[in-house]
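Lettering of chains follows the sequences in order, A, B, ..., and the numbering in each one begins at 1. These numbers were taken from a predicted model, which means no experiment stands behind them.
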Amino acid sequence: MSQYQAVKGTKDIFPDEAVQWQFVEGVVRWLAGLYGFNEVRTPAFEYTELFQRGIGATTDIVGKEMFSFLPDPQGRSLTLRPEMTAGVMRAALQRNLLSQAPVHKLFYISDLFRKERPQAGRQRQFTQFGAELLGVSSPAAVAEVLSFMMGVFETLGLKGLRLRINTLGDLEDRARYREALRTYFLPYADELDESSKERLEKNPLRILDSKNPALKDMIFGAPKLFDHLKPEAVEEFEEVLSLLRDRGIAYEVDHLLVRGLDYYCHTAFEVTSSELGAQDAIGGGGRYDGLARELGGGKDMPAVGFAVGMERLLIAMEKQGLLEGLKPEGPKVFVVVQQQELSGHGMQVAFQLRRAGISTELDLAGRSMKAQMREANRLGSAYALFIGQTEFESGQYGLKNLVSSEQETLGLEAVIERLREPSIQESLKG
RNA sequence: GUGAUUGUAGCUCAGUUGGUUAGAGCGCCAGGUUGUGGCCCUGGAGGUCGGGGGUUCGAGUCCCCUCAUUCACCCCA
């Protein structure tokens, strides 16, 4: 084994797997286009304060999962981005996007970093695709974002998903509810587990998230956030649900759903897959109108977004056999030379074929004809082009169809004619 | 951070109560056809048995340490 191996929680993706990624990414980009989301790319690291302010200092992500470092002893601390929303919002504020147009629809496919203990569906470097809709967060905007997300799953053919949705109310609602929760849990303080005790102080909402079975009854009896909402918030939530029904998107209302990032308000949602292990959340998101103010934007900015874990998505697809048959595309033709002295001419022919837009492979290792043919077969080449002494002299090559095994003798122009595929433009017109 | 799990060829794994030069399948390379692949046959390359220490006449097999893996808690995508 090599002296070096991939860092804990990271992995290499070789061509066989890379084509699966390309397939999913292609669907994401295609649907993003249909829904009018344009790609945004932000830096892989930001100032640490951005995440502390944006995500919330009491969250696990900020508290113990960030890869932070000092670029130099006097410099400001930097952090490898653990999620995308804070960075996108920072970029939007910095560019003052909303002064250029009142609504922006952005999507991304990006690598993120979190210092967690790796397990099934959880790595330290992972990839999310997601969308951020800035400028409006109306029920229509929420439905727009959810439709895009669910549309990706539907297009990919993924089954067995659960969409759970909840409303967290506005900041005032949450503040009132926080106090109600604290009052409720305080008498039970001794029965709470360590982490819940801490949350009681800092962020009692997240006690509801606990999966600790010992706390189940206590949580069940807790006051409901829903009862602390203003009527407008309830009304708005109903409208979101109504829009989802209109679009045939199945959901379950779950009043215990609390997202782990502090910036969410009003609608929050999460999608889980039955194909995954303990880490079954495949995507999630919600509204975050207050994030802009939190980041020094001076005022709230209506915004709603989601993020989906690519690795988890791929695991679920694999389990459902949705990735079968995906493999790197082989060349159209493999140039086979009889002997090494002809390899120079073989290269010339290969380059001319490539210039003509035909994917062409050739042997670079000076191997036997048999080995070259094996290689052509392994790569899944459609044709083999034989160049022996006779062909070299006559300029008439042997073109063999590797599926039908039929072979014909043709000049280079005729070979190109036979192998040339219609260009993309042509096939689009056709 | 806590708990458990597993580390033998590129991959998936066998290796019996510790006993001579560590095996299989797949993959790879070559030959069988010195001008033609897939199937088949034959042969070959490839392993300091994760690393270190210990017990023993003898350790892939037992003990300790260490590193890594995987799964779960936690949290999240």
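- When heavy atoms are screened at a 4.0 angstrom cut-off, A/Ala376 is found touching no nucleic acid atom at all.
- In terms of heavy-atom proximity, A/Glu391 sits nearest to A/Gln396 at CG-O, 3.0 Å.
- By the 30° and 60° cut-offs, the orientation of the rings of A/Phe392 relative to A/His345 is perpendicular.
- Side-chain proximity of A/Ala278 to the nucleotides B/C76, B/G38, B/A72 is greatest for B/A72.
- Neither side chain, A/Asp280 nor A/Ser273, offers a donor N or O lying under 3.5 Å from an acceptor on the other.
- Applying the 6.0 Å contact sphere to CZ of A/Phe69 captures more than 12 heavy atoms from other residues, nucleotides or ligands.
- Under the 3.5 Å distance criterion, with hydrogens and angles disregarded, a donor-acceptor pair is assigned to the side chains of A/Gln389 and A/Glu393.
- The number of heavy atoms from other shown groups lying within 6.0 Å of NZ (A/Lys159) does not exceed 12.
- A sub-4.0 Å separation between OP1 or OP2 of B/C71 and a side-chain N or O of A/Gln119 is absent.
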Using a 4.0 Å heavy-atom cut-off, write out nucleotides 26-34 of chain B from 5' to 3' as B (base contacted by protein), S (sugar-phosphate only) or - (no contact).
--SSS-B--
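- Minimum atom distance to the side chain of A/Arg117 is reached by B/G3, of the listed B/A68, B/C74, B/G3.
- For A/Tyr288 and A/Glu294, the side-chain atoms include no donor-acceptor pair closer than 3.5 Å.
- B/A77 atom P lies 14 Å from atom CG of A/Leu146, rounded to whole Å.
- Using a 4.0 Å heavy-atom distance criterion, A/Ile282 is classed as a sugar-phosphate-only contact.
- In this structure, the CD atom of A/Glu116 is 10 Å from the P atom of B/A77, given to the nearest Å.
- Taking every heavy atom of residues 24-41 of chain A and every atom of RNA chain B, no pair lies under 4.0 Å.
- For RNA chain B, none of the residues of residues 148-169 of chain A falls under the heavy-atom distance limit of 4.0 Å.
- For the side chain to side chain donor-acceptor pair (under 3.5 Å) test, residues two or more places apart in sequence or in another chain that qualify with A/Asp170 are A/Lys230.
- Under the ring pair (Phe, Tyr, Trp, His ring centres under 6.0 Å) criterion, A/Phe226 pairs with A/His255, not counting sequence neighbours.
- The two residues A/Glu311 and A/Gln125 make their nearest non-hydrogen contact at OE2-O, 4.2 Å.
- In this structure, A/Gly277 reaches the sugar-phosphate backbone alone: every heavy-atom distance under 4.0 Å involves primed, P, OP1 or OP2 atoms, never a base.
- The stretch residues 388-399 of chain A touches RNA chain B through A/Thr390, A/Glu391, each having a heavy atom within less than 4.0 Å of the strand.
- Here the side chain of A/Lys64 is nearest to one of B/C74, B/A72, B/G37, namely B/C74.
- Side-chain nitrogen and oxygen atoms of A/Lys8 include at least one within less than 4.0 Å of the OP1 or OP2 phosphate oxygen of B/U69.
- Note that CG of A/Leu399 is 11.0 Å distant from CD of A/Glu406, once rounded to the nearest 0.5 Å.
- Atom CD of A/Glu39 sits in a crowded spot, with more than 12 heavy atoms from other residues, nucleotides or ligands closer than 6.0 Å.
- Counting to the nearest Å, the C1' atom of B/A77 and the CD atom of A/Glu270 are 9 Å from each other.
- With both ends at atom C1', the span from B/U70 to B/G18 equals 28 Å, rounded to whole Å.
- Judged as a side chain to side chain donor-acceptor pair (under 3.5 Å), and not counting sequence neighbours, A/Arg182 has no contacts.
- The environment of CD in A/Glu252 is crowded: more than 12 heavy-atom neighbours from other residues, nucleotides or ligands sit within 6.0 Å.
- At a threshold of 4.0 angstrom between heavy atoms, the contacts of A/Thr127 with the nucleic acid are absent.
- What you find for A/Gly9 and A/Gln123 is that their closest heavy atoms are O-CB, 3.2 Å.
- Taking the P atoms as reference points, B/G43 lies 43 Å from B/G54, given to the whole Å.
- In terms of polar N and O atoms assigned as donor or acceptor, the side chain of A/Ser381 never comes within less than 3.5 Å of the base of B/G37 in a complementary pairing.
- Residues from residues 301-316 of chain A placing a heavy atom under 4.0 Å of any atom in RNA chain B, listed by number, are A/Ala307, A/Gly309, A/Arg312.
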Check residues 365-387 of chain A and write down every donor-acceptor pair under 3.5 Å in which the side-chain atom is one partner and the other belongs to a residue at least two apart or another chain.
from     : atom 1 : to       : atom 2 : distance (Å)
A/Arg367 : NE     : A/Asp363 : OD1    : 3.2
A/Ser368 : OG     : A/Ala371 : N      : 3.1
A/Gln372 : OE1    : A/Val337 : N      : 2.9
A/Gln372 : NE2    : A/Val337 : O      : 3.0
A/Gln372 : NE2    : A/Arg367 : O      : 3.0
A/Glu375 : OE1    : A/Arg378 : NE     : 3.3
A/Glu375 : OE1    : A/Arg378 : NH2    : 2.7
A/Ser381 : OG     : A/Phe334 : N      : 3.2
A/Ser381 : OG     : A/Tyr383 : O      : 2.7

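- Legend: residues meeting side chain to side chain donor-acceptor pair (under 3.5 Å) with A/Gln22, ordered by chain and number and at least two apart, are absent.
- A distance of about 15 Å separates the C1' atoms of B/U5 and B/C73, rounded to the whole Å.
- In this view, A/Ala307 and A/Tyr108, A/Gln128 satisfy the side chain to side chain contact (heavy atoms under 4.5 Å, CB included) rule, not counting sequence neighbours.
- By the neighbour-count criterion of 12 heavy atoms within 6.0 Å, atom CD of A/Glu65 is densely surrounded, having more than that number from other residues, nucleotides or ligands.
- Distance check on atom C1': B/G31 versus B/G50 gives 37 Å, rounded to whole Å.
- Taking the C1' atom of each, B/A22 and B/C76 are spaced 45 Å apart, rounded to whole Å.
- Annotation: B/C11 and B/A72 have their P atoms spaced 23 Å apart (nearest Å).
- By the criterion of a centre-to-centre distance under 5.5 Å and near-parallel planes under 30°, the ring of A/Phe386 forms no stack with the base of B/G35.
- Each of B/C73, B/U36, B/G38 was ranked by its minimum atom distance to the side chain of A/Lys400; first place goes to B/U36.
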Working note: A/Phe67 + A/Phe113, criterion ring-ring contact (aromatic ring centres under 6.0 Å, His included); need CA distance, chi angles, decisive distance, verdict.
CA-CA 7 Å; A/Phe67 282 106; A/Phe113 309 85; 7.1 Å; no
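- Comparing B/U48 with B/G60, their P atoms are spaced 13 Å from each other, to the whole Å.
- Taken together, the paired segments of RNA chain B that extend over three or more consecutive Watson-Crick or G-U pairs, each closer than 3.5 Å at both contacts, are B:1-4 with B:70-73, B:10-13 with B:23-26, B:28-32 with B:40-44, B:50-54 with B:62-66.
- Comparing B/G37 with B/U33, their P atoms are spaced 12 Å from each other, to the whole Å.
- Nucleotide B/C74 holds its P atom 9 Å from the CD atom of A/Gln279, rounded to whole Å.
- Ranked by how close their nearest RNA chain B nucleotide is to the 5' end, A/Ala6 and A/Arg114 are led by A/Ala6.
- Residue A/Asn401 is the one, among A/Asn401 and A/Glu65, whose nearest nucleotide of RNA chain B lies closer to the 5' end (criterion: closest heavy atom).
- The residues A/Arg418 and A/Glu408 are annotated as salt-bridged, a charged nitrogen and a carboxylate oxygen being separated by less than 4.0 angstrom.
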